[in-house]
Asker: 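The structure follows.
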Amino acid sequence: MTTHAPQAAQSVTLPASLDEAVAALIAMPAAVPVAGGTDLMTAVNSGLLRPAGLVGLGRISEIRGWHYQDGHALLGAGLSHARMGRPDFAALIPALAAAARAAGPPQIRNAGTLGGNVVTAAPTGDALPVLAALEATLVVAGPDGSRRETPVSHLLAGRDMLQPAELVGFVRVPLLHAPQVFLKATGRTGPGRATASVAVVLDPARRGVRCAVGAIAPMPLRPLEAERWIASLIDWDGERGLAQDALTAFGEYVAAACIPDPEPPAEGGEAQPLSPAVLHLRRTVAALARRALGRALS
C-alpha cells in the first residue's frame, strides 16, 4: 500500500493467534499492531508515524469471523467492512452493516476492519455511533492469556485506555432483533468521510430508543433525554408509528442536545449566535435523526 513502509518498520511479525500477537508486542514494545492499515499507512506516508516494527494481525483467523454467545454476537476485530456489508451480516446487525457499506470506496472496505475503526477512534469512524447506540463492549486480550471487557464508549471517551501489549480481540454486540438504522451525510456525492452521522436502535424488550450522533465531536454523542422522551411516546404494544410532528421534534431535540446554543458570557450580556456553518450542521443532524427514527419505526 505504500513505498515508505519498508523504511518505516525495522521488522514485521505475523502471529497466528491473539496470544502470539500479545507476546510479540511484549517482546517489542515499540511495535505497532496493524490489520487493514488504512489509517496507519496514511500516517506513515504523511510522515506522522515511523514505527520501529509492525505486528500484522491478518493471519489471526479467530478474529476474522463471528459467533453467538449468550444472546450476543461476538464479532472478531479483524472483520473487514466488506464482510460486514454482506446480506448475512446485515440480517444480524443491520445498522452496522449499513455503516460498513458506507465506509468508503471498495479498496477501503476490503482492507479496513472493525477493530481498526474502534482503536483508531477517528471522529468520522462510521461504525462508532452504531456501536455506541448498541452499547457494545470490547473483549481485550492481554499478557498471560488474560481477557477483560470494557464498554466501547469507555475506550472512545478515554476512560479505559488499552494498556501496553493489549489488543482488541472482539466486539460483543447484543442481538436485539429489532429495527436499527444508520444514516450519514458527506460533503460530496458518493462514499466519503461523514460530516455527521446518526444511528438509531429500537430496544422493544426495554421499551427504549437509543440514538448516537457521530462525526460532530471527538466521540459519538448520546442524547439521553431525547431518547427517553421519544420512547415515552411510542406505543410499544401497537404499531409503534409516530406522527411527523413527533419525528421532527425528536430530530430537533437530538440536534440541540448535541450542538447546543453557546452559553452567555459570565460577566453578562448576550451569547454569540451560532455561525452559519454550525447552524447548517445542526439542521443536518436534525434531518438525519428524524429520518433514521422514521425508518426504524416504519
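Throughout, numbering of the chain's residues begins at 1 and tracks the sequence.
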Asker: I'd like to know if the side chain of T120 reaches the main chain of N117, judged simply by a donor and an acceptor atom lying under 3.5 Å from each other, with no hydrogens or angles considered.
Answerer: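 A pair under 3.5 Å: no.
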Asker: Are the ring centres of F89 and W66 closer than 6.0 Å?
Answerer: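 Yes; W66 has its ring centre under 6.0 Å from that of F89.
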Asker: Taking E20 first and then R59, would you say they form a salt bridge - that is, a charged N and a carboxylate O separated by under 4.0 Å?
Answerer: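 No.
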Asker: Decide side-chain contact (heavy atoms from CB on, under 4.5 Å) for L138 and R172; before the verdict, give the C-alpha distance in whole Å, the side-chain angles of both, and the deciding distance to 0.1 Å.
Answerer: CA-CA 6 Å; L138 303 175; R172 187 189 302 277; over 6 Å; no
Asker: With the threshold set at 4.0 Å, does a side-chain nitrogen-carboxylate oxygen contact exist between D160 and R148?
Answerer: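 Judged by the 4.0 Å cut-off on N to carboxylate O distance, D160 and R148 do form a salt bridge.
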Asker: Under the side-chain contact (heavy atoms from CB on, under 4.5 Å) rule, what do L242 and L233 come out as? Steps first, then yes or no, please.
Answerer: CA-CA 8 Å; L242 288 176; L233 300 182; 4.0 Å; yes
Asker: Could you go through M219 and L128, starting from their C-alpha distance and side-chain angles, then the distance that decides it, and tell me whether this counts as side-chain contact (heavy atoms from CB on, under 4.5 Å)?
Answerer: CA-CA 8 Å; M219 61 172 289; L128 303 186; over 6 Å; no
Asker: Report yes or no: does W236 contribute a side-chain atom to a donor-acceptor pair with the main-chain N or O of A231 at less than 3.5 Å?
Answerer: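 Flag set: sc W236 to bb A231 pair under 3.5 Å.
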Asker: So does E252 pair up with R282, basic N to acidic O under 4.0 Å?
Answerer: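 No, no charged N to carboxylate O under 4.0 Å.
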Asker: With a 4.5 Å cut-off on side-chain heavy atoms, are L75 and F170 touching?
Answerer: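 No - every pair of side-chain heavy atoms lies 4.5 Å or more apart.
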Asker: Between CD of Q163 and OG of S146, what distance do you get to the nearest 0.5 Å?
Answerer: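 If we round to the nearest 0.5 Å, Q163:CD and S146:OG are 11.0 Å apart.
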Asker: So, K184 side chain and A102 main chain: donor-acceptor pair closer than 3.5 Å or not?
Answerer: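 Yes.
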Asker: Between D203 and R210, does at least one N-O distance fall below 4.0 Å, as a salt bridge requires?
Answerer: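 Yes, charged N to carboxylate O under 4.0 Å.
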Asker: Does atom CD of E225 have more than 12 heavy-atom neighbours from other groups under 6.0 Å away?
Answerer: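 No, because the 6.0 Å sphere around CD of E225 holds 12 heavy atoms or fewer from other groups.
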Asker: Decide yes or no for R290 and V254: does some side-chain heavy atom of the first lie under 4.5 Å from some side-chain heavy atom of the second?
Answerer: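 No, their side chains stay 4.5 Å or more apart.
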Asker: Any sub-3.5 Å donor-acceptor pair from R64's side-chain atoms to L79's backbone N or O?
Answerer: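 Checking the backbone N and O of L79 against the side chain of R64, no donor-acceptor pair under 3.5 Å is found.
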Asker: Within the structure provided, determine whether L96 and M84 are in side-chain contact (heavy-atom separation under 4.5 Å).
Answerer: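 Yes, close enough: below the 4.5 Å cut-off.
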Asker: With a 4.0 Å cut-off, would you call D235 and R207 a salt bridge?
Answerer: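 Looking at D235 and R207, the cut-off is not met.
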Asker: Do any N or O atoms from the side chain of E227 and from the backbone of C211 form a donor-acceptor pair under 3.5 angstrom?
Answerer: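 Yes, because the side chain of E227 sits within donor-acceptor range (under 3.5 Å) of the backbone of C211.
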Asker: Going through the distances and angles, do L25 and E166 end up as a side-chain contact (heavy atoms from CB on, under 4.5 Å)?
Answerer: CA-CA 8 Å; L25 291 173; E166 284 191 332; over 6 Å; no
Asker: Are side-chain heavy atoms of T195 and I216 found at a separation under 4.5 Å?
Answerer: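 Sidechains of I216 and T195: no contact.
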Asker: Is a side-chain N or O of Q180 found less than 3.5 angstrom from the main chain of A296, in a donor-acceptor match?
Answerer: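 No, the answer is negative, given that no donor and acceptor are paired below the 3.5 Å cut-off.
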Asker: Do the side chains of R206 and E135 get close enough for a salt bridge, i.e. N-O under 4.0 angstrom?
Answerer: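 Looking at R206 and E135, the cut-off is met.
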Asker: Indicate yes or no: at least one non-hydrogen side-chain atom of T137 is less than 4.5 angstrom from one of V152.
Answerer: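 SC-SC contact between T137 and V152 ruled out.
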